[in-house]
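Each chain gets a letter, A, B and so on, in the order the sequences are listed, and its residues count up from 1.
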2 protein chains.
Amino acid sequence: MNRFLGHVTNRIDAKGRVSVPAQFRSIIQKAGHIELYALRSLHLPALDVGGPELLMRFDQRLEQEDPFAETADDMSFYLHADGGFLKLDGDGRITVTDFIREHTGISADVTFAGANTHFQMWHPDRFEAHRTRVRERLAEKRRQENLRIPVGTS
Amino acid sequence: MNRFLGHVTNRIDAKGRVSVPAQFRSIIQKAGHIELYALRSLHLPALDVGGPELLMRFDQRLEQEDPFAETADDMSFYLHADGGFLKLDGDGRITVTDFIREHTGISADVTFAGANTHFQMWHPDRFEAHRTRVRERLAEKRRQENLRIPVGTS
DNA sequence: TCTAGTCCCATTGACGCCCATAGTGCCCCA
DNA sequence: TGGGGCACTATGGGCGTCAATGGGACTAGA
């Protein structure tokens, strides 16, 4: 399975390193990459992480923009200055830099969460909070739709 | 990876020198260049720095952006007259000249920010301010157009 | 002579590379 | 079916290398 699924929480050691879950790692390494591309999510206190092809996807999206509009500059700045590479060491670990900590609030532990084509890095508490919030939103949405279309799935 | 990505802040020493991040340096040296070209960014209080090919790209952009040749000439003059070489010393440092300080407000520290094909030099505070502004604009834009910049929607 | 710009060297702290260990799940075999 | 052992992951730590920074000495031009 070459999709990022599920979530795992790992500990950051005294040297500031954390193991990327083997399951996620194998997907990246299968593609022959030893470095990860990380981007600070716009709306969430989380990091979007994937192989270099993640950056390619964003670059393609960027090319669709009018290169002389402010949006293109903004997107380029966001993708290139506000993103960066994370190098995997020989044991499949990455070092948690200030770049990561500032945006996510991560301190002692990291929750890795699959997101299909990539994965995310969270502070465990914030991840949990986000998870329940999402669940509530979805439940609410379904409740509204059920008023019209009663599809009782439970 | 031969792209300028991420950002680092380095200190200017008593002699006015600052280390160019090794990651950026290696990209330049891989391309076989010993000197850097610096241009004032058009809209930002930052310096665009890169190899000689940076000049050509800026010229092309100028031509396309401004249909009136005379204005384009003025702009070209403005850029080139004040643009200059930054010589790397043996330890990969450059001297921060008044030319740099005037346009960027840089005083004690420099933030080097990747911009894919080149990099930028910022005053740390201004960089941070710009970063948050860009994120706000992109977030707003996405809210309006449902523009899918980050994959992480959840 | 003084100043500004180089070249070179020293220090220190961070990071990469390597190996060790403990916990866990799985498989195989009795 | 239960036990032993193998494989692998997460984690911890040692150590050498390199980057960032500071500073001294030499040179050339004002």
Q | Trace of the side chain to side chain contact (heavy atoms under 4.5 Å, CB included) decision for V110(A) with N10(A) | A | CA-CA 5 Å; V110(A) 183; N10(A) 284 343; 5.6 Å; no
(Q) Whether the side chain of Y37(B) engages the backbone of D48(B) through a donor-acceptor N/O pair (distance < 3.5 Å, no angle test) should be reported. (A) no
Q: May I ask you to decide if the ring planes of F77(A) and F127(B) are parallel, tilted or perpendicular, using 30° and 60° as cut-offs?
A: tilted
Q: Any chance you could measure L86(A), atom CG, to D89(A), atom CG, to the nearest 0.5 Å?
A: 12.0 Å
Q: Write down the distance between CD1 (I100(A)) and P (dC15(C)), rounded to a whole number of angstrom.
A: 11 Å
Q) Heavy atom of residues 6-22 of chain A under 4.0 Å from DNA chain C: which residues? A) K15(A), R17(A)
**Q.** Length of the line joining R93(A):CZ and dC19(C):P, which is rounded to integer Å
**A.** 14 Å
Q.
Does the plane of the ring in F112(B) sit parallel, tilted or perpendicular to the ring in F24(B)? Use 30° and 60° as the thresholds.
A. perpendicular
Q. Do you see a donor-acceptor pair shorter than 3.5 Å between the side chains of H7(A) and R131(A)?
A. no
Q) From the 5' end of DNA chain D to its 3' end, which nucleotides mark the outer limits of contact with chain B, defined by a 4.0 Å heavy-atom distance cut-off (strictly under)? A) dA19(D) to dA25(D)
Q | Criterion side-chain contact (heavy atoms from CB on, under 4.5 Å) against V20(A), the qualifying member of L88(A), I28(A), V49(A) | A | L88(A)
Q: Begin from the C-alpha positions of Q144(B) and E140(B) and carry the test side-chain hydrogen bond (donor to acceptor under 3.5 Å, both in side chains) through to its verdict.
A: CA-CA 6 Å; Q144(B) 288 175 355; E140(B) 174 63 21; 3.0 Å; yes
Q: Nearest-nucleotide wise, let me know which of D89(B) and T95(A) is further upstream toward the 5' end of DNA chain C.
A: D89(B)
(Q) If I take atom CG in residue D91(A) and atom C1' in nucleotide dA20(C), what distance separates them, rounded to the nearest angstrom? (A) 11 Å
